[in-house]
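See structure below.
What's counted below: heavy atoms across the whole structure, side chains too, no hydrogens, waters or symmetry copies.
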Amino acid sequence: MIIRIVKMGFKPEEIDAFLDNFKLVKDKIRNYEGCSHLKLVRDTHYTNQFFTYSHWESEAHLNNYRNSTLFREVWANTKNKFSQKPEAWSAKRVCE
């Protein structure tokens with residue numbers, strides 16, 4: 001399993017638009033082949049900072065999503081709202 005963590009910083013005036021769009025696409029992402037978990041969290045101190053945590057069966061499944069029409073549509077609607085360059089990590093669970 002791959003855990004994908006993406007950190008995104010948004011322009012304050014774009015946060016509501018981002019959240020509205022996330023609500024529209026979250027189930028499509030969660031139901032994408034190979035995705036077993038998706039959540040969005042917000043930093044408690046820097047409230048324009050958000051993180052997505054998603055679980056993927058394999059790196060191939062993650063890459064299939066990243067090369068999909070769905071991802072291109074989601075990313076096109078998201079990247080113009082950033083206040084900084086996003087950061088992303090792929091990780092594997094070490095222990096519970």
Stepwise, does the side chain to side chain contact (heavy atoms under 4.5 Å, CB included) test hold for Thr69 with Arg72?
CA-CA 5 Å; Thr69 301; Arg72 284 191 297 277; 3.2 Å; yes

- Task: Evaluate side chain to side chain contact (heavy atoms under 4.5 Å, CB included) for Lys92 paired with Ile3, printing each intermediate quantity in order.
- Result: CA-CA 6 Å; Lys92 290 188 177 187; Ile3 301 169; over 6 Å; no

So SG of Cys35 and CG of Asn64: to nearest 0.5 Å the spacing works out to 12.5 Å

In terms of heavy-atom contacts, Ala17 and Lys81 come closest through CB-CE, 3.6 Å

| query | Do other residues, nucleotides or ligands put more than 12 heavy atoms under 6.0 Å from Glu87 CD? | reply | yes

Does one hydrophobic cluster hold both Trp89 and Met1, with members joined at side-chain heavy-atom distances below 4.5 Å?
yes

inquiry  = For Asp27, is there any backbone N or O sitting under 3.5 Å from a side-chain donor or acceptor partner on Asn31?
reply    = yes

Passes side chain to side chain donor-acceptor pair (under 3.5 Å), Ser54 versus Arg4? Steps please. CA-CA 5 Å; Ser54 55; Arg4 183 71 169 179; over 6 Å; no

> Hey, any chance Leu70 and Phe18 share a hydrophobic cluster, counting ILVMFWY side chains that come within less than 4.5 Å of each other, even indirectly?
Replying inline: yes

- Plane angle bin for Trp75 and Phe71 - parallel if under 30°, tilted between 30 and 60°, otherwise perpendicular: parallel

Practice task
Spell out, as yes or no, whether a donor-acceptor pair under 3.5 Å connects the side chain of Asn67 to the backbone of Asn63.
Solution key: yes

Fill in: Donor-acceptor under 3.5 Å (Lys11 side chain, Asn80 main chain)
yes

Can you check whether Phe50's main-chain N or O pairs, donor with acceptor, with Arg42's side chain at less than 3.5 Å?
-> no

Is the backbone of Phe10 close enough, under 3.5 Å, to the side chain of Asn48 for a donor and an acceptor to pair up by distance?
yes

Exercise. Using a 4.5 Å cut-off on heavy atoms from C-beta on, say whether the side chain of Thr52 contacts that of Met8.
Key: yes

Glu13, CD atom: more than 12 neighbouring heavy atoms under 6.0 Å: yes

Steps toward side chain to side chain contact (heavy atoms under 4.5 Å, CB included) verdict (Ser68, Tyr32) = CA-CA 10 Å; Ser68 72; Tyr32 200 86; 3.2 Å; yes

Any link between Val41 and Leu38 through a network of hydrophobic side chains (Ile, Leu, Val, Met, Phe, Trp, Tyr) touching at under 4.5 Å?
-> no

- Query: Is Lys26 close to Lys28 at the side-chain level, that is, under 4.5 Å between some pair of heavy atoms?
  - Reply: no

Would you check if the side chain of Lys23 reaches a backbone N or O of Leu19 as a donor-acceptor pair within less than 3.5 Å? no

Side-chain contact, heavy-atom cut-off 4.5 Å: Glu33 with Glu57?
no

### Query
Step by step, would you call His61 with Ile2 a side chain to side chain contact (heavy atoms under 4.5 Å, CB included)?
CA-CA 9 Å; His61 285 94; Ile2 299 292; over 6 Å; no

Q: Identify whether Ile15 and Phe51 are in the same connected component of the hydrophobic contact network (ILVMFWY, side-chain heavy atoms under 4.5 Å).
A: no

